[in-house]
Asker: 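I am attaching a structure below and will ask some questions about it afterwards.
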Protein chains: 2
Amino acid sequence: MYSIGQVAEKSGLSCYTLRYYDHEGLMPFVHRNKAGRREFSEHDLDFIDLITCLKATGMQLREIRKFVEMSMAGDETLADRLAIFKAQQESVHDQMAQLQKHLDKLNFKVRYYEAACEAGTEDAVSGNCEIPDAPITIDDAKRVKPKKVG
Amino acid sequence: MYSIGQVAEKSGLSCYTLRYYDHEGLMPFVHRNKAGRREFSEHDLDFIDLITCLKATGMQLREIRKFVEMSMAGDETLADRLAIFKAQQESVHDQMAQLQKHLDKLNFKVRYYEAACEAGTEDAVSGNCEIPDAPITIDDAKRVKPKKVG
DNA sequence: GTACCACTTAGAGCTAACTCTAAGTAAATT
DNA sequence: AATTTACTTAGAGTTAGCTCTAAGTGGTAC
């Protein structure tokens, strides 16, 4: 059994956050000792990991709460829970695709600024950021730092 | 030249958000006509796309503002701007790695709930969610829905 | 010329998710 | 026995990022 402080250490969430989550109905499964203090089991830790996973993949606390309630309700909610995870799976795929698009743009910008630094000025640099791996060219006539010759 | 309403349409941001960004110093480059209304150029649209990219990859508005200020300052900030994009590139790599880990967990959960749905109860299902592609087994003795034969 | 519409501003309100404070309790250490 | 520590609660405060309202302006359509 773990105290809230120990769970905070293990999970990376603060005690405040854990109590907040409990208050918001995300942890109805946590037991209390006779002094009223929370006692977390290994299984509870696993569930908190799962909550963290859903949270980190963009699910809002109120949605996570619904999932927790379903989990407590038992086997009649299995199909609904499967649907939730399938939807979350797809959501993460979408997020990764979006991130990849943004990364393409950032990659372009890195190449652009590398060229600009080399030339000493942005004016000498041209390229189309909409096309991934588009060529970036330096107009030698506009250089501030002269081109190093081999 | 585009009005704020047209830019809202094109960019997917609301007029409110665009004015808020302007107010927060993210768009010092936008010109005004003699009536005091904002007039956005094609180049401004490109810059707003870039702001959106930085935002979507987790950069806070105050950091984006610093970048915008550097961009306005001219060529002496080129190296700093390159550093910003390199850092953001790495940040996105980290985010994608994290997302992939979470996706592994979601993938496991989908397989887990598929098995549970097939068995009719969670009790019959076992597997270790910490190991990607870990085998999931159904204890036939604990099934609620009998196994389909043949 | 007047009605309408998109714009302008300052500033208030909202939401999600914490984050902290204050007052109090219970158990363990000195 | 007294102090320290980790916990408890309710509820207030904070932050980021919008989102909206109210009052007013300027240009176009009828």
Side-chain angles (χ1 to χ4, degrees), chain A residues 1-41 44-45 47-69 88 91 95 98 102, chain B residues 1-41 44-45 48-68 88 91 95 98 102:
Chain A
M1 286 299 178
Y2 303 95
S3 71
I4 196 167
Q6 289 170 315
V7 176
E9 280 260 309
K10 284 199 173 225
S11 68
L13 302 169
S14 73
C15 288
Y16 297 142
T17 302
L18 288 166
R19 288 197 199 99
Y20 172 70
Y21 282 3
D22 192 8
H23 185 74
E24 294 301 297
L26 269 60
M27 298 179 183
F29 45 79
V30 175
H31 294 123
R32 303 292 185 114
N33 65 16
K34 56 188 174 186
R37 296 189 181 181
R38 291 171 188 84
E39 288 190 329
F40 297 78
S41 68
D44 293 348
L45 290 185
F47 213 106
I48 290 170
D49 266 4
L50 186 55
I51 287 171
T52 302
C53 172
L54 292 171
K55 178 91 224 317
T57 53
M59 191 179 284
Q60 293 192 355
L61 297 189
R62 75 167 82 96
E63 296 300 315
I64 297 175
R65 179 189 174 151
K66 281 187 204 163
F67 164 70
V68 171
E69 285 166 357
Q88 198 68 2
S91 165
Q95 290 174 49
Q98 278 301 310
H102 291 309
Chain B
M1 287 297 179
Y2 303 94
S3 72
I4 197 167
Q6 290 170 313
V7 176
E9 281 260 308
K10 284 200 174 223
S11 68
L13 302 168
S14 72
C15 289
Y16 298 141
T17 303
L18 288 166
R19 288 197 200 99
Y20 172 69
Y21 282 4
D22 193 7
H23 186 73
E24 294 300 297
L26 270 59
M27 299 177 182
F29 46 79
V30 175
H31 294 122
R32 303 293 185 112
N33 66 15
K34 58 188 173 185
R37 296 189 182 181
R38 291 172 189 83
E39 288 190 330
F40 297 78
S41 67
D44 293 348
L45 290 186
I48 290 170
D49 266 5
L50 187 56
I51 287 171
T52 302
C53 172
L54 292 172
K55 180 88 222 319
T57 52
M59 191 179 284
Q60 293 193 355
L61 297 190
R62 76 168 79 98
E63 295 300 315
I64 297 176
R65 179 189 174 150
K66 281 187 204 162
F67 164 71
V68 171
Q88 199 67 2
S91 165
Q95 290 175 49
Q98 278 302 311
H102 290 308

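Every chain is numbered from 1 and lettered A, B, ... according to where its sequence line falls, protein lines coming before strand lines.
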Asker: How many whole angstroms separate atom CE of A:Met1 from atom P of D:dA6?
Answerer: 21 Å
Asker: Check ring-ring contact (aromatic ring centres under 6.0 Å, His included) between B:Tyr16 and all other residues, then give those that pass, not counting sequence neighbours.
Answerer: none
Asker: Provide the full list of side-chain hydrogen bond (donor to acceptor under 3.5 Å, both in side chains) pairs with a residue in residues 17-26 of chain B, sequence neighbours left out, each pair given once.
Answerer: B:Ser14-B:Thr17, B:Asp22-B:Arg38
Asker: Within less than 4.0 Å of OP1 or OP2 of C:dT8, is there a side-chain N or O belonging to B:Arg38?
Answerer: yes
Asker: From C-beta outward on A:Gln60, which listed nucleotide comes closest to its side chain: C:dT19, C:dA17, D:dC7?
Answerer: C:dA17
Asker: Using a heavy-atom cut-off of under 4.0 Å over every strand shown, decide if B:Ser3 touches base, sugar-phosphate, or nothing.
Answerer: sugar-phosphate
Asker: Let me spell it out: for each of A:Leu61 and B:Gln6, pick the nucleotide of DNA chain C with the closest heavy atom. Which residue's pick is nearer the 5' end?
Answerer: B:Gln6
Asker: Expressed in angstrom and rounded to an integer, what is the separation of A:Met59 atom CE from C:dA17 atom P?
Answerer: 12 Å
Asker: Is the CD atom of A:Glu9 crowded by more than 12 outside heavy atoms at less than 6.0 Å?
Answerer: no
Asker: Using whole Å, report how far CG of B:Leu18 lies from P of D:dG17.
Answerer: 15 Å
Asker: Regarding A:Glu69 and A:Lys66, does a basic nitrogen lie under 4.0 Å from an acidic carboxylate oxygen?
Answerer: no
Asker: Between A:Ile4 (CD1) and C:dA26 (P), how many Å, whole number?
Answerer: 18 Å
Asker: Checking A:Thr52 now: which residues fulfil side-chain hydrogen bond (donor to acceptor under 3.5 Å, both in side chains) with it, not counting sequence neighbours?
Answerer: none
Asker: In whole angstroms, how far is the C1' atom of C:dA17 from the CD1 atom of A:Ile51?
Answerer: 15 Å
Asker: Just to be sure I understand the geometry, which residues of residues 19-36 of chain A put a non-hydrogen atom under 4.0 Å away from DNA chain D?
Answerer: A:Arg19, A:Arg32, A:Gly36
Asker: The criterion is side-chain hydrogen bond (donor to acceptor under 3.5 Å, both in side chains); which residues satisfy it with A:Gln60, sequence neighbours excluded?
Answerer: A:Arg62
Asker: Distance check needed: C:dA26 C1' versus A:Glu39 CD, whole Å only.
Answerer: 13 Å
Asker: I need the OH-P distance between A:Tyr16 and D:dT15, as an integer number of Å.
Answerer: 15 Å
Asker: Between A:Tyr2 (OH) and D:dA6 (P), how many Å, whole number?
Answerer: 19 Å
Asker: Could you pull out every donor-acceptor pair under 3.5 Å between side chains of residues 25-33 of chain B and any protein atom, sequence neighbours left out?
Answerer:
residue, atom, partner, partner atom, Å
B:Arg32, NH1, B:Gly36, O, 2.8
B:Asn33, OD1, B:Ala35, N, 2.9
B:Asn33, OD1, B:Gly36, N, 3.1
B:Asn33, OD1, B:Arg37, N, 2.9

Asker: A:Arg37 side chain: which of D:dC18, D:dA6, C:dA17 is closest?
Answerer: D:dA6
